[in-house]
Amino acid sequence: MNDKKYAQLIIKEALAIQKRENAIIWIKANTENLPFARELARMAYEEGAVEVKVTINDEELSRLNMEFMSEERLEHFGKYNLDEAMDYIEDGVSYISITGGNPDLFKGIDSKRITLRQKASGAVMKPSQKYTMNDINSWTVIGYPTKAWAKIVFPKLSEEEAFEKLKEAIFKTVRLDHEDPVKAWEEHLDTLNKRGEVMNDMNLTSLRYKSDKGTDLTIGLPEGHIWVGAESKDAKGYRFLPNLPTEEIFSAPDARKVDGIVYATKPLNLSGNLVEDFWIKFEGGRAVEVGAAKNEELLRDLIARDENACRLGEVALVSVNSPINSSGLIFYNTLFDENASCHLALGAAYPTCVKGGESMSEEELASLGINDSQIHVDFMIGDESLSIVGIDKDGSEHQIFKDGDFVF
Ligand code: ZN
Ligand code: ZN
């Protein structure tokens, strides 16, 4: 297991750049990941990319901005950011986003300042959001360790040891420990596709969740919804894997038909702060009450971000027996934790989760209950006690999950 093999998996399997014509790649990385970003860039060029653009974010500088910038400037997010993104999007750019920053980056900073900034950037960048949400352009989110992140996952180890240990854990989640990782991925994708087919054939109208923690939630599913696996196709017909690792099949809920209470089973990292032990109560699709042992305020701000931030936009099924969950680690990073557990997302739904959704107008999507919002935030609700029952058009019940795992 080494960086080169990992880069190969991303470039040749997740984006399959060797099969693309005139590929333009935009890598979003962290200062600490610079050597790995270079490895990716080199390989992308070797596989035929015509341009690789890299944006480097420095967390210490981001923290300074969040601490010291005037409120007025926090609220001002330059429109050039959108212009630049649209310029590349129109040229068919494919994104590689490397996650793995310090989960505690903004610890102690007034959540109002963070929200102010996110609202400003969300509003400016909104027109570019649909190109990834609708899979018009290819995109993939992958993880790479940073020392600060590694120290949080392995607090007892030295920085260097923690870093190496986290890297090893990440490599295992993406099956780099298999002799032939690409083959392992193709087999895994097959399993996910089959599960998606079973769900699609049942054509359910709702799902009922129950768990020992107290979750008792019913989620309506829209007419024509589709369960999607790990693979996506962009507007040019190129296959890509939006997430590495990925263990989920997911669909869009009917954002008007969610009722009951759901308990989170893992902490949620919201812009550098952890919301812990929380629950959300829904009525008629809206989150009407929330509670959390830590950082409840942030959760409240999140669901008030815009009109539909309080509604659900994703329902995802993940076995508790996934390699990520089996590792026993909490990664404090959504990409990894969401693939360890059944999850839901507050905010925007993927229009690709209903038949013909890519070409529907906003009104058509809304009429099916497909949610739209500035935010899309996953939170984890699966554990060993989770049961999910699906209800079809005739009112017949089908067991989907028992003891945290698929029954098929
Ligand atoms: Zn998901
Ligand atoms: Zn999601």
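Predicted model, so just to flag it, every value in this text is computed and none were measured. All residue numbers in this chain count up from 1 along the given sequence. Counting convention: from 1, in listed order, for ligands and their atoms alike.
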Student: Is the terminal nitrogen or CZ of Arg195 (NZ for Lys, CZ for Arg) located under 6.0 angstrom from the six-membered ring centre of Trp227 and within 45° of that ring's axis?
Tutor: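 Verdict for Trp227: no cation-pi partner in Arg195.
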Student: For the Zn ion (ligand 2), report each protein N, O or S atom nearer than 2.8 Å, sorted by chain and then by residue number.
Tutor: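 You should have found Glu314 OE1, His376 NE2, Asp378 OD1, Asp378 OD2.
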Student: Taking side chain to side chain donor-acceptor pair (under 3.5 Å) as the definition, give me every residue that meets it alongside Thr55, ordered by chain and number, with sequence neighbours left out.
Tutor: Trp26
Student: Describe, in one word, how the ring planes of Phe36 and Tyr6 are oriented to each other, choosing from parallel (under 30°), tilted (30 to 60°) and perpendicular (over 60°).
Tutor: parallel
Student: Could you pull out every donor-acceptor pair under 3.5 Å between side chains of residues 119-127 and any protein atom, sequence neighbours left out?
Tutor:
| unit_1 | atom_1 | unit_2 | atom_2 | d |
| --- | --- | --- | --- | --- |
| Ser121 | OG | Arg117 | O | 3.4 |
| Ser121 | OG | Gln118 | O | 3.3 |
| Lys126 | NZ | Gln129 | OE1 | 3.1 |
| Lys126 | NZ | Asp372 | OD1 | 3.1 |

Student: Do any pairs count as a side chain to side chain donor-acceptor pair (under 3.5 Å) and have a residue in residues 30-44, sequence neighbours left out, and if so which ones?
Tutor: Thr31-Asp58
Student: Tell me which N, O or S atom of Glu248 sits nearest to the Zn ion (ligand 1).
Tutor: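 Output for this pair reads OE1.
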Student: What I want to find out is whether Lys147 reaches Glu159 closely enough, with some N-O distance under 4.0 Å, to be called a salt bridge.
Tutor: no
